[in-house]
Participant: 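Next up is a structure, given as structure tokens.
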Amino acid sequence: MTSNINKAVNLTSYFISLPTWQYIVAVMLLIAVVFGLIFDLEKNLTFKAPIKEITDALVLLFLPAILSSLIIKLMVGSMPYRRIAATALGGELVYAIAYALTLLLVGSDPFLAQIVLLIGSALVFVLWYVIARFVFVLKYRSILFAIIQLLFYLVFLVGSSAIYAPAGPFLAIAAKFYFSSLILLGALVLFFFIINAPMKKNLGLKSTDAISYLSAQWLYHNKDMEKAFVQVGERAKTIVSIMGFKRKKDSVFFITPYVHFGPFGNLGGSEFSSLIAREVDNKYKSKTFVFHGTVTHDLNPVSSSELSKITSAIDRMLKKADYAKAKAALCLGKYEECMSQTLLINDSALVSLSRAPNLTEDINFGVGLSIINEAEKFVKRAMVVDQHNSETGEITSFEPGSVVGYNYLSATTDSLANSNKKKSKFAQLKIGASFVDPGALGSIGGAGIKIAVFSTEPMYVMVVIDCNGITPQFKESLEKEIKNQAKGIGKNPKAGETGIENGMETGMGSGMETRAGSGIEVGIFTTDTHQTNVVRGVLNPLKAEDEILGKIKDGFSKALADMQEAEFFSDKLWIDIDVIGAKQSIEVVSTINSIVAVAKITLPLIFIGAVLLVFAIASRFWH
């Protein structure tokens, strides 16, 4: 299954970010100039560089490309010009190759040279249609754009004497080119018919519609894809867990909805990590941390409207919240490569899991429930979260029956068993929290970076980053920098700035300076939000950046300064929610791989057949 997922995911590597339109136009001009420099368009391969040859190349290649792109831009004013220009650039490059081959062939075989021109123009015709139809998502105007660009190239080709063109009236020549283009377009329609069949049968959705939906989301943040998710989705039962810390003037909430923050962009639950926090903070004037639960893509919500089911559950739990004075302790557990940082608060526990520096990927909900049940043998209520803090480039998930699932379970038992053996030191609950605005960093989602500090022994620092994982190298660097920063604060505290001295005065503990320096445990968490997966690939881990490191260190200082006593409550609620589902997730991956396998065989065969048909018709009627 993992290999199938890797194959499907690798398809997203074909998505690219375009440069500016000025750069693209400059390349269009360069192609024409180079063509003129290399080929003497009248005398054929004399390698001269007179002004006339360059001018002829500009007329044959650059002018039709730039004019067609400008006309199409006028027809779709909302479309960024760089996308249109990039398509025109691709078409110009194909024409340049076709013209070069024509120049090489015309002396020995004019008929074959004519075939090359017809096939080249037909390929560009199909290129424009496909991009306008499936990337620009212009269902009806796509064919018009293909017709327009071919007309421009024909006008300049027939009007120029610099290169070979079929003899005859313009309309007769145009008919040949358009007829050849329609043959290739017909072959494309046949190809679409073949690849639509598997997805239509298995998921009730055409492959071509799925491509359009994906393009609409990537380019325009359109949510039409959610209609397809709703069709194939299923009802699921899951949990929403909450921990509340009521302070003198505000509250801090830890929330874990056991849904996956995917699939990508703004679809389904991709933005839930930020949307949940924003809605709760606006309503309760709080500081909300949202964590990544033990779930996989099976529990991707089918649409963003499913958010209301989660926030409604949060409201119900907060309405009946019963806060109490609390003490907190930190317990650490380990088994094989898996580790558990368990924050004990009264009769509740926040269990966070990681395999760093080994791959720390999604944990199946079934495994998560087993860990929750195991933890609740020691405490009344447990919130189990996936730190998701070591992205090594592999794509997998940890399923029931796996060795990793067992190791996680054992690490959790180890951490809680340590608490029962009285190895943990309980201290009066105090919490400090800060929010770091990452600015315009595209690698971080809307929830930004949040830091919490607890008055445990050792002091527990939680850094929660709204991103799609993090590299193990940056994770380790963050931990080291925070510990060094704490050591410096412990030696040279500044009253009113760090909050450490203030904490000591209010009973945080006479050893706080020592704990800050030598007794500190850092937990790096990511939400695994797929909000940031909007261009190419589905692996976009946070990598080392000085700006982010500086912001996190500043946030740590602010969280220390924010340390306050707090009362505590915890709760969890089962809810119904519509998700894509396990069966459909497997079906989608398998179907995509089947389509790709079929396409690899059928596309070349259909294309060769179309070219042979053009050749046969040309031989019969145009020779």
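Side chains are part of it too, since the values below use all heavy atoms of this structure and drop only hydrogens, waters and symmetry mates.
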Participant: What pair of heavy atoms forms the shortest contact from S570 to S348, and how long is it?
Facilitator: OG-OG, 2.6 Å
Participant: Between F261 and F291, is the ring centroid distance below 6.0 Å?
Facilitator: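 No, too far apart.
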Participant: For K309 and D578, work out which heavy atoms get closest and say how close.
Facilitator: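 What the structure gives for the nearest pair is NZ-OD2, 3.4 Å.
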Participant: Could you walk me through whether F134 and F192 pass the ring pair (Phe, Tyr, Trp, His ring centres under 6.0 Å) test, one step at a time?
Facilitator: CA-CA 12 Å; F134 299 110; F192 288 156; 5.1 Å; yes
Participant: Evaluate E565 against L429 for side chain to side chain contact (heavy atoms under 4.5 Å, CB included), listing each step before the verdict.
Facilitator: CA-CA 6 Å; E565 290 184 11; L429 174 63; over 6 Å; no
Participant: Show your reasoning for whether side chain to side chain contact (heavy atoms under 4.5 Å, CB included) applies to M462 and K450.
Facilitator: CA-CA 8 Å; M462 304 173 70; K450 297 179 180 179; over 6 Å; no
Participant: Which pair of non-hydrogen atoms, one from I345 and one from A326, has the smallest distance, and what is that distance?
Facilitator: CG2-CB, 3.8 Å
Participant: Side chain to side chain contact (heavy atoms under 4.5 Å, CB included) for R355 and M339? Distances and angles first, verdict last.
Facilitator: CA-CA 6 Å; R355 298 174 70 241; M339 56 80 67; over 6 Å; no
Participant: Assess, by modelled atom type and distance only, whether the side chains of E271 and N266 contain a donor and an acceptor separated by less than 3.5 Å.
Facilitator: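 Looking only at side-chain atoms, N266 and E271 do not form any donor-acceptor pair under 3.5 Å.
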Participant: Do you know the tightest heavy-atom contact between Q341 and Y460?
Facilitator: OE1-OH, 2.9 Å
Participant: Angle class for the F254/F454 ring planes (parallel below 30°, perpendicular above 60°, tilted otherwise)?
Facilitator: perpendicular
Participant: Distance check, rounded to the nearest 0.5 Å: I363 atom CD1 versus D386 atom CG?
Facilitator: 4.5 Å
Participant: Do you know the tightest heavy-atom contact between A382 and I372?
Facilitator: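 Closest approach of A382 to I372, heavy atoms only: O-CG2, 4.1 Å.
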Participant: Using the rule given for side chain to side chain donor-acceptor pair (under 3.5 Å), can you reason through S354 versus N389, listing the C-alpha separation, both sets of side-chain angles and the distance that settles it, and then say yes or no?
Facilitator: CA-CA 7 Å; S354 177; N389 59 3; 2.6 Å; yes
Participant: Can you list every pair that meets ring pair (Phe, Tyr, Trp, His ring centres under 6.0 Å) and has a residue in residues 298-333, with sequence neighbours left out?
Facilitator: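 Pairs touching residues 298-333 that pass the test: Y323-F569.
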Participant: Hey, mind stepping through D562 and K558 against salt bridge (Lys or Arg N to Asp or Glu O under 4.0 Å) and telling me if it holds?
Facilitator: CA-CA 6 Å; D562 186 58; K558 290 178 180 177; over 6 Å; no
Participant: Check the pair I552, I449 against side chain to side chain contact (heavy atoms under 4.5 Å, CB included), reporting the backbone distance first and the verdict last.
Facilitator: CA-CA 7 Å; I552 290 174; I449 303 168; 3.9 Å; yes
Participant: Determine the interplanar angle of the H292 and H260 rings, folded into 0 to 90°, and report it as parallel if under 30°, tilted if 30 to 60°, perpendicular if over 60°.
Facilitator: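 Ring orientation, 0 to 90° scale: perpendicular.
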Participant: So, for T342 and S415, which heavy atoms are closest and what is the spacing to 0.1 Å?
Facilitator: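 Between these two residues, the closest heavy atoms are OG1-OG, 2.8 Å.
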Participant: Name the residue from S443, S273, S274 that meets the side-chain hydrogen bond (donor to acceptor under 3.5 Å, both in side chains) definition with D466.
Facilitator: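 Only one option passes, and that is S273.
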Participant: Under 4.0 Å between a Lys/Arg side-chain N and an Asp/Glu carboxylate O for D347 and R381?
Facilitator: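 Salt bridge absent between D347 and R381.
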